[in-house]
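What follows is a set of notes on a single structure, which appears directly below.
What you see below is based on every heavy atom in this structure, not just the backbone, and it leaves out hydrogens, waters and symmetry mates. Every chain is numbered from 1, with letters handed out A, B, ... down the list of sequences.
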There are 2 protein chains.
Amino acid sequence: MTQPQVETSRTAERERADVGLCAVLLGVKDDQPEVLALEDAHGGLAIAHGAIDDIDTTLERALRRMVERTVGAHLAYVEQLYTFGDRGRDPQRRALTIAYLALVRREIAPARHRSQWLPCYQLFPWEDFRAGRPEQIDRLIVPALRSWAKDDPRRGLRADITFGLSGSAWDPHRVLERYELLYEVGLVDEARRDAQQRGNQLPSASEIALGRPMALDHRRIVATALGRVRGKLSYRPVVFEMLPSEFTLSQLQRLVEALAGFTLHTPNFRRLVSAAGLVEPTGHHRPTGGRPAELFRFRGDVLRERPTPGVGLPGAR
Amino acid sequence: MTQPQVETSRTAERERADVGLCAVLLGVKDDQPEVLALEDAHGGLAIAHGAIDDIDTTLERALRRMVERTVGAHLAYVEQLYTFGDRGRDPQRRALTIAYLALVRREIAPARHRSQWLPCYQLFPWEDFRAGRPEQIDRLIVPALRSWAKDDPRRGLRADITFGLSGSAWDPHRVLERYELLYEVGLVDEARRDAQQRGNQLPSASEIALGRPMALDHRRIVATALGRVRGKLSYRPVVFEMLPSEFTLSQLQRLVEALAGFTLHTPNFRRLVSAAGLVEPTGHHRPTGGRPAELFRFRGDVLRERPTPGVGLPGAR
DNA sequence: ACAAAAGTGTTTCGACTACACCCATGG
DNA sequence: CCATGGGTGTAGTCGAAACACTTTTGT
């Protein structure tokens, strides 16, 4: 589609602003979800980013080419995440970035330049329940939240809902809400850094800095991406974008667990996945430590049969 | 948050582009979902739009003030929808618009200027199943789709999934996918208009123009909004943003039905809503044609109790 | 043999559906 | 008394959760 008409009244209203693209490239290796990070000029970690190239007719195309330029990876699955425009304000310009989520097969995605794969749970250690409840929640986060909410019941309610306290259930989707709350409370390094840059007081006297910080608001963008993937798992077959064409059910399960951040009941997982018609056997087998595993492939026909074909996490009720 | 540091490498990469905001204001009156539309200079219908005001620190704040300026309405619920950047390309500039969804109580939202409330199902007549299956689907849409997909099975599959044909179920959430398919097939007026502006052939020789057209790609933006609302109904208590503080269960049901586009089983709806703890009785009553109806209010505590408090449409399985 | 990993059967539970029915008011 | 809209009881169905158990390989 092109601009249908010279819309003077409209373009006149518009301001010029700095606009860029950025992409959260998400892959899983050795049961760890990882995000592609580049070292920026100041030694910070940034996700892939760049300008909108004018030759591309759609934003998605511009994004794909930006990523190919920047990190040399070809992207399979891409979706728009969110547009961030709160930061980077100064009298002359506003810095906008249109963030995308991209899922990649780690085998196909070579990291170039000064890039590295950064484990997501180094960024958000409190999000990984696979080896039990992360100890930092009860040791560091809960006490800090309690003292932050001491005099305001609304803060208490928010803390309870976001971190699943006082009877509320832990909701795996609320990755962003948790990061943002920790930022507000001053438990992540970016909060201190941004306060210093503004010349403000620290939001809290705490010396706690949970998880690895990133440049600008990139950790917030990655949190948005992780939350989005967790949500999408249950109603769209996005996991298969991160698997080879043939895979075992354990591979699939461990991948889902890595993204969801908790373990699943193996026998039920197998049945749910096959009963949903998501996969079909290829007839091939693969040797393992024990009994050889059957290889499966994604069954494209589910798309026609079910409105919401996904792996259905327990918390999705 | 402010820009933490002068990121020369980054800002240098950025291009200047025209960026604006727009808002889909959605309300329901007399069981009809309606969107606020303004007449533009050329007699077309446009949703509320404007520039990003530099004094606002967040995009959401900029949007709220833009809407207050433009149509004089104060917004309760607001969320970012999507950033559209495919249209309006020319060698000099790219026109970007960050679209927001806003839900309003029609009593509180006075329309000012040259604005009007436009019934959504005039834009998308094929989306309203409350009085039975819209006749246009089988009379106009299906034949056109079939002839469009005649020689390409992938087109056939896409048509089947999007419009629930050949055994696929109609998915109320796929509002945008349906509009986009109709655009591609050439069954909406915008397709013809945009092709003419490009100097291209019409995408189809058909003279069919389903639904009322809007300026630019605004109908596509409204489709995105309607799809988002339908999705959100089932897992967030967004409907209550469009109701007065006290309401009857019928009011609630008719509102949900208006948005979802199909009718619900009344006895079950009542129970699901109360069993979910979404509402509590106020003790007041309201005279009706028959037995007086009990008045209810939204019960805020659900937020603590359930991770996904929504009204749960049948198709959400 | 036994550890390790894959894979199956069966019961229980709870959410949603469908259908039949009762209640309170106005004309 | 009967039409209209409000409201309840109850049995059936389906998918998911939990638990116990079998199969096939490598060492």
Find the distance [X]:[atom1] to [N]:[atom2] and express it as a whole number of Å.
| X | N | atom1 | atom2 | result |
| --- | --- | --- | --- | --- |
| L272(B) | dT17(C) | CG | C1' | 9 Å |
| L252(B) | dG5(D) | CG | P | 18 Å |
| R270(A) | dT22(D) | CZ | P | 18 Å |
| L264(A) | dA17(D) | CG | P | 9 Å |
| H285(A) | dT23(D) | NE2 | C1' | 13 Å |
| F269(B) | dG5(D) | CZ | C1' | 16 Å |
| Q251(A) | dA5(C) | CD | P | 14 Å |
| R306(A) | dC14(D) | CZ | P | 13 Å |

query = If only side-chain N and O atoms of T266(B) are considered, is one of them under 4.0 Å from the OP1 or OP2 phosphate oxygen of dG7(D)?
reply = no
request  = Scan for ring-ring contact (aromatic ring centres under 6.0 Å, His included) pairs involving residues 286-305 of chain A, sequence neighbours excluded, and state none if there are none.
outcome  = F240(A)-F298(A)
request  = Answer yes when R106(B) and E34(B) have at least one side-chain N-carboxylate O distance shorter than 4.0 Å, and no when they do not.
outcome  = yes
message = List the residues meeting side-chain hydrogen bond (donor to acceptor under 3.5 Å, both in side chains) with D301(B), not counting sequence neighbours, and say none if there are none.
response = none
query = Using a cut-off of 4.0 Å on non-hydrogen atoms, how would the nucleic acid contact of T248(B) be classed: base, sugar-phosphate, or nothing?
reply = nothing
Name the atoms and distances for all side-chain donor-acceptor pairs under 3.5 Å in residues 266-273 of chain A, with sequence neighbours left out.
{"unit_1": "T266(A)", "atom_1": "OG1", "unit_2": "Q253(A)", "atom_2": "NE2", "d": "3.3"}
{"unit_1": "N268(A)", "atom_1": "OD1", "unit_2": "R271(A)", "atom_2": "NH2", "d": "2.9"}

inquiry  = With salt bridge (charged side-chain N to carboxylate O under 4.0 Å, His left out) as the rule and sequence neighbours excluded, what pairs involving residues 73-82 of chain A come up?
reply    = E79(A)-R228(A), E79(A)-K232(A)
key: Reading 5' to 3' through nucleotides 19-27 of chain C, protein heavy-atom contacts under 4.0 Å coded B for base, S for sugar-phosphate only, - for none   = B---BBBS-
task = Please list, chain by chain and in numerical order, all residues satisfying side-chain contact (heavy atoms from CB on, under 4.5 Å) with R146(B), sequence neighbours excluded.
result = V142(B), D160(B), L165(B), S166(B)
